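Working notes for the structure below.
None of these values were measured; they are calculated from a predicted model.
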Amino acid sequence: QVQIVESGGGLVRPGGSLRLSCAASGFSLDYYDVGWSRQAPGKEREGVSCISGLNGSTYYSDSVKGRFTIFRDEEKNTVYLQMNNLKPEDTAVYYCATVDSLDIAKMKPFRSWGPGTQVTVSS
């Protein structure tokens, strides 16, 4: 069965770090573009980051650039989002999916965003 599942969210203090996982089963992520999005309470969904399945190029929104890193572990068939120096405004539910574009503002999931994982940054 083709499936992709997010995990790794939690509660952290400002300046802390989390690593989110997007694990695939039933297919290989190697040749797919994979994206992360997030949605804060009462706000619109926004794209966060994506990684190319063709050449590994990475892309980030201006708000997370320099703090977040997206990367693959091909042996584990997983895409990660390493989040450092977290800020309260990063609080949101984070989602991943194989996506149709490397333009963060336009990317859409091929199937759907997953149920998501909650990230809360608070002192």
Side-chain angles (χ1 to χ4, degrees):
Q1 182 175 333
V2 175
Q3 194 172 29
I4 190 164
V5 179
E6 310 103 327
S7 63
L11 173 64
V12 297
R13 294 184 178 276
S17 298
L18 282 174
R19 180 177 291 180
L20 305 184
S21 299
C22 189
S25 59
F27 73 105
S28 174
L29 286 176
D30 289 359
Y31 302 111
Y32 288 91
D33 301 337
V34 177
W36 287 93
S37 68
R38 67 186 182 186
Q39 189 166 25
K43 296 187 177 181
E44 300 264 322
R45 180 187 299 276
E46 64 172 340
V48 176
S49 183
C50 59
I51 183 168
S52 170
L54 179 62
N55 57 21
S57 297
T58 58
Y59 305 87
Y60 303 92
S61 66
D62 289 341
S63 63
V64 309
K65 195 172 298 181
R67 300 187 296 119
F68 291 12
T69 303
I70 187 170
F71 62 98
R72 298 175 183 268
D73 185 331
E74 294 181 356
E75 293 183 354
K76 294 183 177 180
N77 201 23
T78 299
V79 171
Y80 299 94
L81 185 68
Q82 178 67 44
M83 306 185 296
N84 297 327
N85 192 24
L86 283 160
K87 303 176 180 181
E89 52 262 44
D90 295 318
T91 295
V93 178
Y94 284 71
Y95 307 87
C96 72
T98 54
V99 294
D100 64 351
S101 174
L102 293 171
D103 185 334
I104 291 173
K106 298 179 179 179
M107 65 181 183
K108 302 291 183 184
F110 279 124
R111 298 183 67 183
S112 64
W113 301 106
T117 184
Q118 176 72 52
V119 172
T120 302
V121 185
S122 177
S123 60

Given the rule that I, L, V, M, F, W and Y join up when any side-chain heavy atoms are under 4.5 Å apart, are [X] and [Y] in one cluster?
X: Val48; Y: Leu18; result: yes
X: Ile104; Y: Val119; result: no
X: Phe27; Y: Val79; result: yes
X: Leu102; Y: Ile70; result: no
X: Val93; Y: Val64; result: no

Self-check item: Polar contact flag, side-chain donor to acceptor under 3.5 angstrom, Ser63-Ser61
Solution: yes
Practice problem: Using only heavy-atom distances, determine whether the side chains of Asn55 and Ser57 contain a donor-acceptor pair under 3.5 Å. | Solution: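 A pair is found: one side chain offers a donor N or O, the other an acceptor, under 3.5 Å apart.
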Between [Y] and [X], is there a side-chain heavy-atom distance shorter than 4.5 Å?
X: Tyr60; Y: Arg67; result: no
X: Arg72; Y: Leu29; result: yes
X: Trp113; Y: Val99; result: yes
X: Ile4; Y: Cys96; result: yes
X: Ser17; Y: Gln82; result: yes
X: Val121; Y: Pro14; result: yes

Grab the two heavy atoms, one from [X] and one from [Y], that are nearest each other, plus how far apart they are.
X: Met107; Y: Cys50; value: SD-CB, 4.1 Å
X: Ala92; Y: Ala40; value: CB-N, 3.8 Å
X: Gln39; Y: Arg45; value: NE2-N, 3.7 Å
X: Trp36; Y: Cys22; value: CZ2-CB, 3.6 Å

Self-check item: CZ-CG distance between Arg19 and Asn84, expressed to the nearest 0.5 angstrom
Solution: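 That separation rounds to 9.0 Å.
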Quiz item: So, are Lys65 and Asp62 salt-bridged, with charged N and O less than 4.0 Å apart?
Solution: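 A salt bridge is present here (some side-chain N lies under 4.0 Å from a carboxylate O).
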Please confirm whether the backbone N or O of [Y] pairs with a side-chain atom of [X], one donor and one acceptor, at under 3.5 Å?
X: Ser101; Y: Asp103; answer: yes
X: Glu6; Y: Gly116; answer: yes
X: Ser49; Y: Tyr59; answer: yes
X: Asn77; Y: Ala24; answer: yes
X: Asp33; Y: Gly53; answer: yes

Quiz prompt | Heavy atoms from other residues, nucleotides or ligands near CZ of Phe68 exceed 12 (cutoff 6.0 Å) | solution = yes
Quiz prompt | CA sep, side-chain torsions, deciding dist, call: Leu11, Gln118, side-chain contact (heavy atoms from CB on, under 4.5 Å) | solution = CA-CA 8 Å; Leu11 173 64; Gln118 176 72 52; over 6 Å; no
Quiz item: Taking only residues two or more places apart in sequence, or in another chain, which ones meet Tyr80 in a ring-ring contact (aromatic ring centres under 6.0 Å, His included)?
Solution: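 By the ring-ring contact (aromatic ring centres under 6.0 Å, His included) rule, Tyr80 matches Phe71.
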